[in-house]
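Residue indices begin at 1 and follow the sequence shown. Values below: all heavy atoms of this structure, side chains included; hydrogens, waters and symmetry mates excluded. Every number for a ligand or one of its atoms is a count from 1 in the order of the listing.
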Amino acid sequence: MNSVFGDIGASVFEAMSRLAREHEAVNLGQGFPDDPGPEDVRAKAAEAVLNGWNQYPPMLGLPELREAVAHHYRRFQGLELDPGTEVMVTSGATEALAGALLALIEPSDEVVLIQPMYDAYLPLVRRAGAIPKLVTLRPPRWTIEERELEAAFSDRTKVALLNNPHNPVGVVHDKNALALIGGYCLKHDAIAVCDEVWEHLTFDGRRHQSMMAIEGMRDRTVKIGSAGKIFSLTGWKVGFVCASPPILKTLGRAHQFITFTTPPNLQSAVAYGLMKNDDYFLSMRARFQRSRDRFAAGLAELGFTVLPSEATYFLGVDIAPLGWDDDALFCRWLVETHGVAAIPISAFYETQAIRTVVRFCFAKSDATLDAALARLAQAAAAPAPC
Ligand code: PMP
Ligand code: GLN
């Protein structure tokens, strides 16, 4: 067995969803919305399955989707991308990440990672043979400290892997933070692999800023997006990766031997969806912001300490004021005793784990959020652990 995969357990999302099923819990753990996604986009996919092309599409993706991605990023992020040489379709952001890391890294290269980090990152970096160099974020502001970047980067750094907006903590790294990281990438000749899957899920008027738009970073950024998040269709696994032609060419070589292609019918539906008018994107964001506010207010009323959420489907709750100092134990107790599933933030740290913050997914209907709050009221009233 390869030790990277032989030595790890099932992902925390899978483990918590299994516990949620076993305990008939309200599942606010794994991040997926309970609305079914836009009907017109799903109808396009159905139509394409029935009457469209169901054989292998082009390896880099359907031209119509690659054009739609370039058009979409010009419209929303002011980026100029050549769909023919700078955009590739992948089977979700997960495949884009795996492919980028396999394509860019040589064994014993160093990769800068920012913890807490999405669970796939570290195993993929290790499996590619790289040495992880960790930068740590801490609550409540989760800011990137320059002295940590200074210590993590070196001339052996090949890649900096960044997630913005950030899952699990729901912060947006602003232009200054991106410029700071970009500066280190330039200084050490490193490539920024930027997981921007939450780019459309930003709240309170924030607009997504891509690492590609930072001075000097246009041609040393691999930008990763996912239709799963843009259209609330997390099971579709249609992702896109944008990079300068020489980088994209090599990413394509990895992609051709990982999945080779992505279902063409879903690709056509996503191409249609990306061209939807601004109303769809604005109202989608407003709906999730409203759910965030409803859930955050309900939690605060019950006495929970809610951390700010600037983006994503998630908010954090500080459990220290409740007398808890172990988020994994808290989550187990919450799902088993009170029937609500959440995710312990410590699962996303490799070292120096923060153990007092728990992540809840608020991308749910009012009825689901209210059911969860009713159960959380009992948890709030329970005596603190000894
Ligand atoms: N990166 C981050 C930060 C995510 O939150 C997710 C999924 N929630 C992914 C990657 C995976 O995206 P996909 O489902 O498109 O593979
Ligand atoms: N990205 C989702 C989350 O953060 C889960 C994805 C998965 O289950 N692998 O909850």
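- Taking the six-membered ring where tryptophan is involved, the planes of His166 and His173 are perpendicular, since the angle between them exceeds 60° and thus also 30°.
- Of the residues listed (Thr90, Thr259, Thr94, Thr262), the one engaging Lys237 in a side chain to side chain donor-acceptor pair (under 3.5 Å) is Thr94, and it is the only one.
- Each of Glu196, Glu86, Glu199 was evaluated against Tyr73; a single residue qualifies, Glu199, per the side chain to side chain donor-acceptor pair (under 3.5 Å) test.
- A donor-acceptor pair under 3.5 Å links the side-chain atoms of Ser309 to the main chain of Phe314, judged by distance alone.
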Inset, instruction - Tell me, with the steps shown, if Arg206 and Glu310 meet salt bridge (Lys or Arg N to Asp or Glu O under 4.0 Å). - result: CA-CA 8 Å; Arg206 286 181 184 81; Glu310 300 173 343; 3.6 Å; yes
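- Checked against a 6.0 Å centroid threshold, the rings of Phe231 and Trp236 do not count as neighbours.
- A salt bridge links Lys276 to Asp40: one of the charged nitrogens lies within less than 4.0 Å of a carboxylate oxygen.
- Residues lining ligand 2 at a heavy-atom distance below 4.0 Å are given as Phe13, Gln30, Gly31, Tyr118, Asn167, Phe314, Arg359, ordered by chain and residue number.
- Near ligand 1, residues Gly92, Ala93, Thr94, Tyr118, Asn163, Asn167, Asp195, Val197, Trp198, Ser226, Lys229, Lys237 each place a heavy atom inside the 4.0 Å sphere around the ligand atoms.
- Annotation: cation-pi pair Arg292/Phe362 absent, no NZ/CZ under 6.0 Å from the ring centroid and within 45° of its normal.
- Using a distance-only test at 3.5 Å, with no hydrogens or angles considered, a donor-acceptor pair links the side chain of Asn163 to the main chain of Pro165.
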